[in-house]
Engineer: 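Handing you a structure now.
The shown structure was predicted, so the numbers you read here are calculated from the model rather than taken from an experiment. Numbers restart at 1 for each chain; the letters A, B, ... are given by sequence-line order, proteins then strands.
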Number of protein chains: 2
Amino acid sequence: MAQAELDVFDLNILRILQKDASLTNKEIASQLNKSVATVHERVRRLKEQGYIKRVVAILDRKKINKSLIAFSQVLLHDHTAETLATFEREVSKFPEVMECFQMTGTFDFILRIATSDMDAYHDFYRNKLAKLPNITTVQSFFVLSETKSITAYPI
Amino acid sequence: MAQAELDVFDLNILRILQKDASLTNKEIASQLNKSVATVHERVRRLKEQGYIKRVVAILDRKKINKSLIAFSQVLLHDHTAETLATFEREVSKFPEVMECFQMTGTFDFILRIATSDMDAYHDFYRNKLAKLPNITTVQSFFVLSETKSITAYPI
DNA sequence: ATTGAAATGTAGGAAAC
DNA sequence: GTTTCCTACATTTCAAT
């Protein structure tokens, strides 16, 4: 499968779907002055080729009792392939961990942790995260307020 | 409008839609052993009451030329309401800024910045971020690798 | 690759329980 | 609040360009 470049029409479709994937092909077609069948075919290809990874519902975290978001910076003892792989595998299993990135700089990983409150975070920290092997330090920062939070990349 | 509590059925619907919002009501109904109309009504309510904020397409950032993700920690000169509000308002206007959170700890804000590469980040930093008023320091960390990245809260 | 039109399936609304 | 029924609309396929 040749990975064709995206044209302006593809990009416009992606822009729209990143913001609202509940729009119908008809509405998208009308915005972009194309036929419904063409939009359908383009969207099918964008999914098939992996540009669109998935379509998800974004919830209001405060309404579902995930009021506390923490960013936790983790430093490991060493950086052997084994140590890194073990940490990544184990930390990914925790449902509280929504994101885990290996980073440049003075620590190794940054985690985004979602819990209901500080008690739940504390429990996660003591009984899950801090029990993983080879951790030197964990430094946590908590979200006070959310100024902007979007999933759409600027394209 | 009374904000009713969510029952197990609501939570199951939210769990499913957080992972795949392209499923039809029919498929959800079959998974949960309920009728399509019931699922339809529950989903309608979950949207109306704001539990579901929006439905979006998640793209593969590397395929759309957003290979570089930075987390930037920002410290401001002061914390008057005016200074905070101005920073929040202005930084939110930049399309590269996908997230902005005010934080506890040794800095004021954490930003998630998406750009194509280090040159583009540098340009963003010098010509946009660093030009905002009242910034004391910006410390940036870059994603080396993505171990886990989901939008679904654990519920 | 794009289109209009046909066929299929789903969403959305109404009425009864 | 749930179910069944019904209509409108959306998706999907296809032949033609």
Engineer: Between the side chains of B/E27 and B/T24, is a donor N or O closer than 3.5 angstrom to an acceptor N or O?
Structural biologist: yes

Engineer: C/dT8 C1' sits how many Å from A/H40 NE2, rounded?
Structural biologist: 12 Å

Engineer: Should we count NZ of B/K128 as having more than 12 external heavy atoms under 6.0 Å?
Structural biologist: yes

Engineer: Check whether any side-chain nitrogen or oxygen of B/R45 sits under 4.0 Å from OP1 or OP2 of D/dG1, and answer yes or no.
Structural biologist: yes

Engineer: Measure from the side-chain heavy atoms of A/T24 and tell me the nearest of D/dA10, D/dT3, C/dA11.
Structural biologist: D/dA10

Engineer: Using whole Å, report how far CZ of A/F9 lies from P of C/dT2.
Structural biologist: 7 Å

Engineer: Starting the side chain at C-beta, find the nucleotide from D/dT11, C/dA11, D/dT2 nearest to B/T38.
Structural biologist: D/dT2

Engineer: Are any of B/S35's side-chain N or O atoms less than 4.0 Å away from OP1 or OP2 of D/dT3?
Structural biologist: yes

Engineer: Is the centre of the A/Y121 ring less than 6.0 Å from the centre of the A/F142 ring?
Structural biologist: yes

Engineer: Of the listed nucleotides (D/dT2, C/dA1, C/dT10), which one gets closest to any side-chain atom of A/R42?
Structural biologist: C/dA1

Engineer: Measure from CG on A/L23 to C1' on C/dA11 and round the result to the nearest Å.
Structural biologist: 16 Å

Engineer: Of the nucleotides C/dA11, D/dT13, D/dT4, which has the atom closest to the A/A37 side chain?
Structural biologist: D/dT13

Engineer: Can you figure out which of D/dT12, D/dT3, C/dT2 approaches the side chain of A/K34 most closely?
Structural biologist: C/dT2

Engineer: Return whichever of A/R44 or A/K26 has its heavy-atom-nearest nucleotide of DNA chain D closer to the 5' end.
Structural biologist: A/K26

Engineer: Is A/K66 positioned over the aromatic face of B/Y153, cation under 6.0 angstrom from the ring centre and no more than 45 degrees off axis?
Structural biologist: no

